[in-house]
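Structure first, commentary second.
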Amino acid sequence: MTDKSPFFISTAISYPNGAPHIGHAYEMMATDSMARFKRLDGHPVFFITGTDEHGQKMQQTAEKFGMTAAQLADQNAPVFEKMAKVLNLSNDDFIRTTQPRHYEASKAIWKAMEANGDIYLDSYAGWYSVRDEAYYAESETEVREDGVRYGPQGSPVEWTEEESYFFRLSAYEDKLLALYEAQPDFMGPSERRNEVISFVKGGLRDLSISRTTFDWGIPVPGNDKHVMYVWVDALTNYITALGYPNIDADKFKTFWGNATHIIGKDIIRFHTVYWPAFLMSAGLDIPGRVFAHGFLFNRGEKMSKSVGNVIDPFGLIEEYGLDQTRFFFLREVPFGQDGNYSHEAIVNRTNADLANDLGNLASRSLSMIAKNCDKALPEPGAFSTEDQAMLDQTDAMLEKCREFMDKQLIHKALETIWDVVGEANRYFASQEPWALRKTDPARMNTVLYVTAEIIRQVGILAQPYIPESAEKLLDLFALPSDKRDFASLGPVGRLAAGTPIDKPSPVFPRYVEKTEENEA
Ligand code: ME8
């Protein structure tokens, strides 16, 4: 029996200080593929995403637009919610940190940390980056030629001095190092692990966790002059979604304890240092894994509003199609590394991998069945060595994909599936079933049967990544919904001879360049 334990997974929650960009969409698509994979593999899954609406960055952006932070959040958060829908996300909840349930959860975790003796009042004097919403030690900053002091992520920092509550992070140095040691898979990819360990070994200072110079945040329990530092409330969103502080409810008991957080590489410190320390302090379980993906660049250039090369995810989906966009980013960019987007690359993936390799194979083989076999899957004869090798490789996909997906190697899982698609194309071309029609119809039947069976399994396994198209592919076999999960992969779910197969409708359209001639 394979493990079917409950699985909790989250994206980071985005700052709705502007419209969503492709980096946000990328994280959502990737996390969705993991949630869908686990569901299809028989696990109870809880998958969340949302918006991080407090903090100085929101407040400052709102001021620039002459609105309140609450108005800015109310304007943009629904665009993120809409994006989740447009991306066909299978999220079970969408957290907005301005929701009353989140105020309750944040206040509760604060009180739990306070009750544990980890919060005290003092005053803060140091460097703060509004863009990163992060405090930095002076040694992490540098003054550049322009005379401005910058933090390690390249954003300007400003000197901040105010009364502040502190979290006793220094007391967690050894506990965190012990956690990294005891739970080697706590964070990935491995390069990031070493960075974090050396940061913690370098010595942790207590963390300022409240602000008094602005009021756009959750009030500190017992002292309304202070609002919580935005990251204290932001990280808490993960347990808000499970009904915290109600830790005895089924949802919390089922899903907290082995969480997987998918985030970008710029916010790993918050998730692997601060968050586990807060949780330990509040007496709650630590996540099972934090995985940091890379950044997306437009033809190698960082996307920025001032350069004017920010990619709008809605536009991209409009242009190339949803599953084409999902497939491109998940197949092309090794998950965990930085990646690039270009028009040529996405057209190439769309046309080569989807339209040609999978689409054409399905349409050629199933059309032949509809035409030559009375619209029903033919009875196969004895399998040749080639047939058997093809089926064996197909049956072996699940185990390999499962292993890769457990390590968040989404691109490797897709490579595994498309290796089979490539091999199936070579098989089909070399067996020449169209020539066998006259010379050896029984053999043609076997080749068509094997090809159809490969397409069935590829369709089932492709669902996490390209859900809509995979569904259409499986519809070609009129496969019932209870035969579409991973328990039906392999020999147990083999297609039955006689399965009705009509002339297939196209599943993967080719991308045609928009030239004046084509437009006319
Ligand atoms: O960091 N490519 O919000 P955010 C890939 N609110 N990923 C990118 C990216 C890019 N170009 N730009 C950003 C925050 N991201 C906090 C998170 S979680 C409790 C609070 C990723 O809107 C980024 O790494 O700046 C992060 O994981 C997510 O998008 C939201 O970024």
Side-chain angles (χ1 to χ4, degrees), residues 9-31 48-58 61 69 72-73 76-77 79-80 83-84 87 94-98 102 105-106 109 129-134 151 153-155 192 216-218 228-241 259-276 278-279 287 290-305 307 309-313 316 329-330 332-341 408 410:
I9 190 163
S10 63
T11 66
I13 49 173
S14 312
Y15 293 122
N17 63 328
H21 56 65
I22 191 63
H24 296 128
Y26 174 60
E27 185 172 295
M28 282 182 165
M29 297 187 279
T31 312
I48 57 163
T49 185
T51 40
D52 183 0
E53 305 185 12
H54 295 122
Q56 213 171 348
K57 175 148 85 175
M58 284 295 288
T61 314
L72 180 67
N76 288 331
V79 189
F80 282 84
M83 186 168 77
L87 291 170
F94 188 100
I95 299 288
R96 291 187 56 180
T97 56
T98 45
H102 182 68
S106 302
I109 198 170
S129 156
V130 175
R131 204 193 295 167
D132 302 348
E133 295 282 19
Q153 315 240 17
S155 55
R192 306 274 165 237
W216 180 236
I218 300 182
M228 292 181 197
Y229 169 40
V230 63
W231 273 99
V232 174
D233 106 61
L235 289 160
T236 305
N237 94 85
Y238 301 129
I239 52 177
T240 296
T260 297
H261 296 311
I262 305 299
I263 56 165
K265 63 179 183 180
D266 57 328
I267 55 171
I268 195 147
R269 187 184 293 180
F270 301 96
H271 283 81
T272 58
V273 181
Y274 303 168
W275 182 225
F278 295 165
L279 289 166
V290 175
F291 190 89
H293 60 74
F295 264 49
L296 293 184
F297 296 95
N298 187 348
R299 293 177 191 277
E301 265 191 81
K302 193 165 176 173
M303 285 178 257
S304 97
K305 284 192 186 133
V307 180
N309 64 350
V310 177
I311 295 166
D312 163 34
L316 212 58
F329 284 107
L330 301 183
E332 181 90 1
V333 183
F335 203 62
Q337 294 173 34
D338 290 341
N340 264 297
Y341 153 85
Q408 292 74 37
I410 308 173

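Counting starts at 1 for both ligands and their atoms, following the listed order.
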Are any protein N/O atoms closer than 3.5 Å to the N/O atoms of ligand 1? If there are, list each pair with names and the distance to one decimal place.
unit_1   : atom_1 : unit_2 : atom_2 : d
ligand 1 : 2 (N)  : L296   : N      : 3.0
ligand 1 : 6 (N)  : I13    : O      : 2.7
ligand 1 : 6 (N)  : D52    : OD2    : 2.7
ligand 1 : 22 (O) : Y15    : N      : 2.9
ligand 1 : 22 (O) : H24    : NE2    : 2.8
ligand 1 : 24 (O) : G264   : N      : 3.4
ligand 1 : 24 (O) : D266   : OD1    : 2.5
ligand 1 : 27 (O) : E27    : OE1    : 2.5
ligand 1 : 27 (O) : G264   : N      : 2.8

Under the side chain to side chain donor-acceptor pair (under 3.5 Å) rule, collect the residues that match up with Y238, sequence neighbours excluded.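 If we apply the side chain to side chain donor-acceptor pair (under 3.5 Å) test to Y238, skipping adjacent residues, the hits are H271.
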
Residue list, side chain to side chain donor-acceptor pair (under 3.5 Å) with W216, at least two apart or on another chain: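 W216: no side chain to side chain donor-acceptor pair (under 3.5 Å) contacts found.
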
Side chains of Q153 and S155 only: does a donor on one sit below 3.5 Å from an acceptor on the other?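 The answer is no; no qualifying pair exists.
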
Which of these passes ring-ring contact (aromatic ring centres under 6.0 Å, His included) with F270: F278, W231, W275?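 Only one of F278, W231, W275 forms a ring-ring contact (aromatic ring centres under 6.0 Å, His included) with F270, namely W231.
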
Quick one: list whatever passes salt bridge (charged side-chain N to carboxylate O under 4.0 Å, His left out) with K265, sequence neighbours left out.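 With sequence neighbours excluded, K265 shows a salt bridge (charged side-chain N to carboxylate O under 4.0 Å, His left out) to D338, given in chain and number order.
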
If you round to the nearest 0.5 Å, how far is CD1 of I262 from CD1 of I9?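 Reported to 0.5 Å precision, the distance equals 4.5 Å.
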
